[in-house]
Structures are given as structure tokens and as C-alpha cells.
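Report on the following structure.
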Amino acid sequence: MTDNSSKLPPRREAVRLKNARKLSTSSQRWLQRQLNDPYVTAAKVHGWRSRAAFKLIELDEKYKLIGKNPRVLDLGAAPGGWSQVALARGASKLVGIDLLEIQPVSGADFIKGDFLEEGMEARLTEMLGGKADLVLSDMAPNTSGHVATDHLRIMALAEAALAFACDVLAPGGGFVAKLFQGGAEKEMLMTLKRRFSNVKHAKPPASRKESKEMYVVATGFRPD
Ligand SMILES: C[S@@+](CC[C@H](N)C(=O)[O-])C[C@H]1O[C@@H](n2cnc3c(N)ncnc32)[C@H](O)[C@@H]1O
């Protein structure tokens, strides 16, 4: 049997335990931000699972994305804030996917899995039971701290989401995807402009100013 007890003298062990209980500087900063963030408080008051819920509310207020009884696909849905908002604002059917488990939301069907996995698109489409009116992608990879790598990863997710949206959207449908920094790359922007009648970049007020995230909002899908 292994002995996990510390071999330090008692006083040094007491100091070690005290330090282990202290929050790292980045955790302290995170905690401070949470405590000072009105969106975090408002999310709790309104019962939204994430402060991100307000980003979709603000995008919907501005671009009228959700409309009447749409069928919605929510990519990167955990913990479920956007799904809650889409359903509260009129979605008739919602299918969501995330790498993480999502607690049930009334009216939504969730899959735990990787959107990039082979066969996942077919599975999502089958679950939706027909064409989608709105494809949402708030997917974000875990940040590596390396700006260029993070940028490439998020762009790969957004591009995959766009390719999927072009396969599953009904005529006139909408698409929202999270991007970083300068917005859609040239090639992605070309596809967006060709396949949608309206394409905008947006940074909703709920998106933290210091965050490099932004969204592309495309409406009026044109099938090939
Ligand atoms: C910012 S969170 C989404 C928050 C969500 N919109 C809400 O309001 O609750 C981004 C999510 O994208 C998910 N994600 C990242 N890569 C993914 C992938 N390849 N497939 C599925 N989900 C992914 C992450 O697990 C994470 O939960």
C-alpha cells in the first residue's frame, strides 16, 4: 500500500496546506470578474444556464433570427443557455450537441459528442427530422494560450459549422457562428456571401470587451 501522507515537518506541512488552499492569480481574477459581472447575476435571476444566453438574446433582438416556430440546431450547446433562449423565443424543435453532458431542457434533444466526428451531421439532421431554419454555433475549443493555434481551431469549427449549415438549412434560413479576432476569413466570407442574402459581423454587448470573440450572423439562406 502507498503512503500518501506528507513527510514534511508539521510547520512546513501547515504552510504547504495553506498555500494549496489559496487560489491562483488567474482563478482569483476569474472569481472577481464573475462577482462584478452584471450578466452573471442577471443569468441567475432569469434562470439562464449561462451568461452567454444574453449574447443570443441581443443578437436576436438586433437581427430577428429566431422568427416563428423555427427548427434549430445548436452546436456547442453546453451548458444550454442558447438552447433555453431559442426555445423561450419560439423554437418549435431544437437539437443540440456538445462534447460535454447537457442537463435536459424541456423541448430540446441533446447529443453528447464531437460535432466533427464522422456521421454526426447525419445523426443531427435525422434527430431534427427535416431541414433546419436556424443553425447556431457557439462552439469554442479550449484555449491553448497560443493565439494563432486558438484562432485556427475556432475557424475550423466555424467552417465546419458553415458547411453543415449549407447542407441542412431550409431556404431563407439563418446561421450564427462564433469567430475570433478579425472575423470570417476571406474564403469563408465568400461562401457566406454567396449562400446568404445578408451577412454581418457582430459583437453583442454581452460579449466581454477584452475577449477576441465575435459572431458572424447570416440570414436569407440560398440553396444551391
Ligand atoms: C461557449 S460554450 C457554449 C455556451 C452555450 N452557447 C450556452 O449558452 O450555454 C462552447 C461549447 O463548445 C463546445 N465544443 C467545442 N468543440 C466542440 C466540438 N468539436 N463538438 C461539440 N461541441 C464542442 C464546448 O464543449 C463548449 O461547451
Side-chain angles (χ1 to χ4, degrees), residues 30 33-34 37 39-61 63 65-66 70 72-89 91 94-125 127-128 132 134-145 149-165 167-168 174-181 202-217:
W30 177 84
R33 244 193 0 232
Q34 296 290 104
D37 186 339
Y39 284 106
V40 172
T41 315
K44 288 204 181 95
V45 171
H46 292 278
W48 303 127
R49 290 185 184 174
S50 62
R51 75 183 290 295
F54 290 102
K55 300 178 197 171
L56 183 60
I57 292 173
E58 289 164 355
L59 290 173
D60 187 41
E61 296 283 317
Y63 299 103
L65 294 162
I66 298 173
V72 181
L73 285 162
D74 186 3
L75 313 176
W82 280 28
S83 299
Q84 288 178 302
V85 169
L87 286 160
R89 293 192 155 225
L94 186 139
V95 174
I97 177 172
D98 203 286
L99 298 168
L100 307 174
E101 188 86 44
I102 310 171
Q103 291 308 308
V105 170
S106 175
D109 289 318
F110 293 127
I111 305 181
K112 181 175 181 238
D114 186 343
F115 170 67
L116 301 176
E117 207 173 274
E118 218 182 304
M120 197 52 89
E121 296 188 357
R123 218 176 129 194
L124 288 165
T125 318
M127 278 173 77
L128 195 67
L134 183 59
V135 174
L136 303 170
S137 169
D138 198 21
M139 283 190 289
N142 286 332
T143 44
S144 68
T149 308
D150 292 342
H151 186 228
L152 286 175
R153 283 187 188 157
I154 200 157
M155 287 312 298
L157 285 171
E159 277 164 21
L162 174 60
F164 177 48
D167 285 343
V168 298
F175 172 68
V176 177
K178 193 206 287 280
L179 307 172
F180 268 171
Q181 299 178 320
K203 172 117 180 138
S207 175
R208 292 193 170 98
K209 283 191 188 69
E210 68 273 21
S211 158
K212 290 183 167 42
E213 84 174 2
M214 61 190 311
Y215 291 87
V216 65
V217 178

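Each ligand, and each atom within it, is numbered from 1 in the order the structure gives. The basis for the numbers below is simple: all heavy atoms, side chains too, and nothing from hydrogens, waters or symmetry mates. Just so you know, residue 1 is the first one in the sequence shown, and it goes up from there. This is a predicted model, so every value here is computed, not measured.
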Quick note on ligand 1: atoms under 4.0 Å from a heavy atom of Gly80 include exactly 9 (O)
Side chains of Arg208 and Asp37: does their closest heavy-atom pair fall under 4.5 Å?
yes
Where is the nearest protein heavy atom to atom 8 (O) of ligand 1: which residue, which atom, and how far?
Ser50 OG, 2.8 Å
Between Val105 and Arg49, is any pair of side-chain heavy atoms under 4.5 Å apart?
yes
Criterion side-chain contact (heavy atoms from CB on, under 4.5 Å) against Phe110, the qualifying member of Val95, Ile97, Leu94, Asp98:
Leu94
Can you confirm whether more than 12 heavy atoms, excluding those of Lys212, are under 6.0 Å from its NZ atom?
no
Where do Ser106 and Leu87 come nearest, in terms of heavy atoms and distance?
O-CD1, 3.5 Å
Among all protein non-hydrogen atoms, which one is nearest to atom 20 (N) of ligand 1, and what is the separation to 0.1 Å?
Phe115 N, 2.9 Å
Can you name the side-chain contact (heavy atoms from CB on, under 4.5 Å) partners of Ala88, sequence neighbours left out?
Trp48
Taken to the nearest 0.5 Å, the spacing of Leu59 CG from Trp82 CH2 works out to 6.0 Å
If we only consider heavy atoms of Gly113, is any one of them less than 4.0 Å away from an atom in ligand 1?
yes
Just to confirm my output: which protein heavy-atom neighbour is closest to atom 10 (C) of ligand 1, and how far is it?
Asp138 O, 3.3 Å
Restricting to heavy atoms, the pick from Ala53, Gly76, Pro141, Gly81 nearest atom 9 (O) of ligand 1 would be Gly81
Quick one: does Lys178 get an N or O within less than 3.5 Å of an N or O on ligand 1?
no
Got Leu73 and Leu124 here, is their nearest side-chain heavy-atom distance under 4.5 Å?
yes
Is the shortest N/O to N/O distance between Leu100 and ligand 1 below 3.5 Å?
no
Number the atoms of ligand 1 from 1 as they appear, then name those within less than 4.0 Å of a heavy atom of Asp114, with their elements.
18 (C), 19 (N), 20 (N)
Just going by heavy-atom distances, which of Ala52, Ala78, Ala77, Ala140 is nearest to atom 2 (S) of ligand 1?
Ala78
Flag Trp82 as yes when one of its N or O atoms lies below 3.5 Å from any N or O atom of ligand 1, and as no otherwise.
yes
Contact with ligand 1 for Met139, non-hydrogen, under 4.0 angstrom
yes
Please confirm whether the backbone N or O of Ala158 pairs with a side-chain atom of Lys178, one donor and one acceptor, at under 3.5 Å?
no
Hey, is the main chain of Gly47 close enough, under 3.5 Å, to the side chain of Gln84 for a donor-acceptor pair?
yes
Looking only at N/O atoms, are Leu157 and ligand 1 under 3.5 Å apart anywhere?
no
From atom 16 (N) of ligand 1, work out which of Leu99, Leu136, Leu56 has a heavy atom at the shortest distance.
Leu99
For atom 27 (O) of ligand 1, what is the nearest protein heavy atom, given as residue, atom name and distance?
Asp98 OD2, 2.8 Å
